[in-house]
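Since the structure comes first, as structure tokens, the remarks are kept for the end.
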Protein chains: 2
Amino acid sequence: MARRSQTETAVLGALSMHPMTAYALREAIRDVLGHFWSESFGQIYPTLGALEQQGHVERREGPRSGSSTFAITDSGTARLRELLSEPIAATPPRSGLLLRLFFGRTLGVRKCRELLLEARADAERSLAEYDRLARTISAEEAGSPDLPYVLTTISAGRHNAEAAITWADEALALLEDVPGDDPPANGPPANGE
Amino acid sequence: MARRSQTETAVLGALSMHPMTAYALREAIRDVLGHFWSESFGQIYPTLGALEQQGHVERREGPRSGSSTFAITDSGTARLRELLSEPIAATPPRSGLLLRLFFGRTLGVRKCRELLLEARADAERSLAEYDRLARTISAEEAGSPDLPYVLTTISAGRHNAEAAITWADEALALLEDVPGDDPPANGPPANGE
DNA sequence: TATGACATGTAAAAAGTTACATGATTTC
DNA sequence: GAAATCATGTAACTTTTTACATGTCATA
């Protein structure tokens, strides 16, 4: 699955739930899909244009003069089904946190602890945000056939956040026992930055 | 933190553990950092070259004629410490699995179940791999000051994999109750929207 | 002496991000 | 009537991936 077609998936998918303007699409992708997917806005308009040309979406009159609402067409739904059925392209992992911890000897125990505390706090915040989101969406979309699927993805986020908290606590405990070097050696230890 | 400097971090970090050839560096980045970080190999040689010019790494005679072993210098260690201290650049999430599940109504319950079973199996495999890795590294690096940090990152992988398994089971149970539509062939699912 | 692992690199293409440019409409 | 938000788009830039080109050494 070429990368480009993943933008297509996100756009068609969002439109499969409600017709909306390109602007609303941006926001939906940022605020709702945002928890597990990201699209750069620079790609949305070109993709929408291409989808329109292919007849997968239809441009209708928008809420304002000069604005358009886009709706998915039957062929768009078929295309979406096709895209969703393609094998999942593995996204290479990139965790800046783990990269830093891995080289913790050089970074120093103290800073590692700080990073872990931050990560823990972030995860707590995410947890609260997922709960809020689940409540909001359950209310807004009550009875919608999309609801169980949406709740499933939110639950994935919850589980990840919970795992992050457990892990951080464990790692903090483990680092207790590590000699508190705080970078020894040569270089400027407690300075710059 | 510009993207480029993250490649620098990975390269300097790996060399901070052992001096090695560029080839071994590639493998270390693929096999060890690979669980939470990825670098495209096309960047490693140019980055090494730049680091050499800046005096952060030193080229020594390698194990073969024409090959070189690279070692980190004092200024390289200082630079690494600097890079590790920079704020973590948030990497935008991109989960192909969640993107598909989110639009599960269009994809169909059956295929969603298949995806979840696959994800569960993947997580089980990861779990086994993390255990193997932890054993190998504990033996190979016994007593190394890097060991606790390395084990911490492996533990993060374990926790994630465990969370994925719990979540998948939960999601599978939840999807039991969803009307088994399995998209009415090709036509629009519930309507035209 | 052929195969596979070791070893070093480059160039072109694709993808993604960012910042900008522009204007309409609502709300305070 | 000023500010915030809604709305649409483009261009330049950076990053990343992929595929390729080349050669050495051990070993079976």
Side-chain angles (χ1 to χ4, degrees), chain A residues 1-11 14-15 18-31 33-34 37-53 57 59-71 83 89-96 99, chain B residues 1-11 14-15 18-31 33-34 37-53 57 59-71 83 89-96 99:
Chain A
M1 197 177 196
R3 289 286 159 70
R4 171 56 171 275
S5 59
Q6 305 228 37
T7 303
E8 238 180 271
T9 309
V11 168
L15 291 179
H18 308 287
M20 56 186 114
T21 65
Y23 186 83
L25 195 55
R26 271 163 80 140
E27 295 203 312
I29 288 176
R30 162 160 49 77
D31 300 338
L33 297 191
W37 194 259
S38 78
E39 256 341 306
S40 60
F41 299 152
Q43 315 248 99
I44 292 181
Y45 284 98
T47 299
L48 259 182
L51 286 172
E52 192 190 3
Q53 285 207 329
V57 304
R59 186 188 292 256
R60 300 179 184 165
E61 206 164 297
R64 291 180 182 189
S65 82
S67 76
S68 325
T69 292
F70 293 89
L83 287 168
T91 32
R94 287 213 137 183
S95 162
L99 186 67
Chain B
M1 195 176 198
R3 290 287 157 74
R4 172 58 169 276
S5 59
Q6 305 229 36
T7 303
E8 239 181 87
T9 309
V11 168
L15 292 178
H18 308 290
M20 57 185 112
T21 65
Y23 186 81
L25 195 56
R26 271 163 77 139
E27 294 203 313
I29 288 176
R30 164 160 48 75
D31 300 338
L33 296 192
W37 194 260
S38 77
E39 250 350 299
S40 59
F41 298 152
Q43 314 251 96
I44 292 182
Y45 285 98
T47 299
L48 259 181
L51 287 172
E52 193 190 3
Q53 284 206 329
V57 305
R59 186 188 294 257
R60 300 177 183 164
E61 207 166 294
R64 292 181 180 187
S65 82
S67 77
S68 324
T69 292
F70 292 89
L83 287 169
T91 33
R94 285 211 138 185
S95 163
L99 186 67

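Computed from a prediction, not measured in an experiment: that's the story for all the values here. Numbers restart at 1 for each chain; the letters A, B, ... are given by sequence-line order, proteins then strands.
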For the pair made of [atom1] in [X] and [atom2] in [N], what is the distance, rounded to whole Å?
X     : N      : atom1 : atom2 : result
A:E39 : C:dT17 : CD    : P     : 8 Å
B:Q6  : C:dT17 : CD    : P     : 14 Å
B:E52 : C:dT8  : CD    : P     : 12 Å
A:R94 : C:dA15 : CZ    : C1'   : 14 Å
B:E61 : C:dT8  : CD    : P     : 13 Å
B:W37 : D:dT16 : CH2   : C1'   : 13 Å
B:I29 : D:dT16 : CD1   : C1'   : 14 Å

(request) Mind checking the OG1-CZ spacing from B:T21 to B:R60? Nearest 0.5 Å is all I need. (result) 13.5 Å
(message) Is B:S40 close enough to D:dT15 that one of its side-chain N or O atoms is under 4.0 Å from OP1 or OP2 there?
(response)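 B:S40 to D:dT15 OP1/OP2: no side-chain N or O under 4.0 Å.
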(message) Quick one about A:E39 and A:T7 (side-chain donor to acceptor, distance below 3.5 Å, no hydrogens or angles considered), yes or no?
(response)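 Judged by distance alone, the side chains do pair up.
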(request) With axes from five pairs an end, tell me the bend angle of the helix from C:dT1-D:dA28 to C:dC28-D:dG1, nearest 10°. (result)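 One end's axis against the other's: 30°.
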(message) One character per nucleotide, please: for nucleotides 3-12 of chain D, 5' to 3', B when the base has a protein heavy atom closer than 4.0 Å, S when only the sugar-phosphate does, - otherwise.
(response) ---BBBB---
(request) With sequence neighbours left out, write down each residue that passes side-chain contact (heavy atoms from CB on, under 4.5 Å) with A:S67, or none if nothing qualifies. (result) A:P63, A:R64
(request) Could you pull out all residues at least two apart from B:R59 that satisfy side-chain contact (heavy atoms from CB on, under 4.5 Å)? (result)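 Testing B:R59 for side-chain contact (heavy atoms from CB on, under 4.5 Å), a comparison that skips the adjacent residues, returns B:E52, B:S68, B:F70.
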(message) Test of understanding: with salt bridge (Lys or Arg N to Asp or Glu O under 4.0 Å), list the residues that count as partners of A:R30, not counting sequence neighbours.
(response)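 A:R30: salt bridge (Lys or Arg N to Asp or Glu O under 4.0 Å) contacts with A:E27.
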